[in-house]
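Right, one structure below, let's go through it.
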Number of protein chains: 2
Amino acid sequence: MFSIGELSKRTKVKVPTIRYYEEMGLLAAPERTEGNQRRYDVAGLERLSFIKHARDLGFSIEAISELIVLQGHPDRSCQAATDIAVSQLSEVRAKIKRLRALEKELVRISKGCDDEGVSENCYVLASLADHKLCHHDH
Amino acid sequence: MFSIGELSKRTKVKVPTIRYYEEMGLLAAPERTEGNQRRYDVAGLERLSFIKHARDLGFSIEAISELIVLQGHPDRSCQAATDIAVSQLSEVRAKIKRLRALEKELVRISKGCDDEGVSENCYVLASLADHKLCHHDH
DNA sequence: TGTAGTGTCTCTAGTTACTAGAGGTTCAAG
DNA sequence: CTTGAACCTCTAGTAACTAGAGACACTACA
């Protein structure tokens with residue numbers, strides 16, 4: 001049995017965040033001491049590790065809730081869980097794509113001033129003011 | 001002079017968002033009709049286009065505020081504006097890096113079930129439950 | 001001039017995933 | 001038995017909006 005602080009250290013999830021997950025229904029409410037403090041068992045630790053890992057991979061709280069429900073239904077759970085992971089993957093890929101476009105644009109914009117030695121007219125500000133100066137979509 | 005709705009159509013910024021920008025001090029409070037409705041001039045339109053463009057490039061409201069201040073100080077503004085753009089660029093690059101790692105991991109996780117035909121033990125769920133199964137940092 | 005319908009006004013509250021702080025209680029060590 | 005760290009609940013704040021309520025304004029048509 002560990003306290004919330006110990007759980008926090010082991011999982012690297014902050015104490016208020018653990019309480020937040022409990023409130024959101026991701027984490028079952030654990031036993032309490034007589035003095036009303038939370039005491040977790042190994043199952044609680046594993047559950048929180050699962051949540052932490054999924055959050056690190058960018059899954060939303062909602063998606064994690066679904067995954068947790070699936071854990072309780074070994075039949076059919078694999079396909080559904082894979083679907084969630086695949087959809088997460090496509091979101092990640094979409095974000096990467098978008099960020100790459102932004103990266104290109106920002107490289108171009110932030111190089112402007114140095115390259116041309118323009119000082120009275122800032123190329124960064126001009127580029128932001130006038131979308132026509134852009135070379136890419138965004 | 002255009003109404004808030006017209007401004008919204010021209011800039012593709014939603015009406016409540018325009019009011020929000022005004023409240024946040026990004027956009028000057030425009031003239032009003034006798035009936036208290038906002039009426040914008042070309043300067044307002046240009047300012048909002050600038051904000052929209054910068055937001056699309058991922059600049060925070062705070063960074064945009066700074067850029068707007070810089071627009072009013074043609075001296076020194078170029079270097080400072082470039083600094084903001086460069087810092088935005090490095091944030092974008094950091095995000096891309098992180099997302100690529102997640103992408104790899106998600107590809108691996110979501111392929112697990114199909115590849116090995118495991119059905120009673122879902123690889124997605126197992127991977128999330130046990131970080132040791134990961135091949136990359138995240 | 002009347003009226004219908006759309007646009008606009010302000011204000012409050014909700015979103016996501018936490019984080020910070022106040023004010024009070026409990027636990028563990030010495 | 002006392003001290004100090006850890007814990008408790010509750011409220012409010014973060015970013016950048018979005019949604020909805022209820023009331024008022026503007027425009028076009030008859």
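Proteins come first, then strands; the chains are lettered A, B, ... in the order of their sequence lines, and each starts at number 1. Fair warning: this is a prediction, and the values are worked out from it, not measured in the lab.
- Within the 4.5 Å cutoff, the side chain of B/H53 has no heavy atoms near those of the B/L48 side chain.
- Remark: the backbone N or O of B/C78 is paired with a side-chain donor or acceptor of B/T82 at under 3.5 angstrom.
- For the pair B/M1 CE and C/dG7 P, the computed distance is 20 Å after rounding to whole Å.
- Rounded to whole angstrom, the span from the CD atom of B/E23 across to the P atom of C/dT10 amounts to 10 Å.
- The closest side-chain heavy-atom distance from A/R55 to A/I64 is below 4.5 Å.
- Here the side chains of B/R32 and B/R39 are not in contact, with every heavy-atom distance at 4.5 Å or above.
- The CG atom of B/L102 sits 8.5 Å away from atom CG of A/D56, with the distance rounded to the nearest 0.5 Å.
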With a cut-off of 3.5 Å and sequence neighbours excluded, list every side-chain donor-acceptor pair involving residues 16-29 of chain B.
from, atom 1, to, atom 2, distance (Å)
B/E22, OE1, B/R38, NE, 2.8

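- Side-chain nitrogen and oxygen atoms of A/R38 include at least one within less than 4.0 Å of the OP1 or OP2 phosphate oxygen of D/dC8.
- In this structure, A/E31 atom CD and D/dC8 atom P are separated by 14 Å, rounded to whole Å.
- Straight-line distance from the CD1 atom of B/I4 to the C1' atom of D/dC26: 15 Å, rounded to whole Å.
- Closest to the A/R32 side chain, of the nucleotides D/dC7, C/dT8, D/dT9, is D/dT9.
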Next item on the list: Indicate for each nucleotide in nucleotides 11-30 of chain C, in 5' to 3' sequence, whether protein heavy atoms under 4.0 Å reach the base (B), only the sugar-phosphate (S), or nothing (-).
Entry: ------BBS------SS---

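- Atom-to-atom, CD of B/E6 to C1' of C/dG7 comes out at 11 Å; the value is rounded to the nearest Å.
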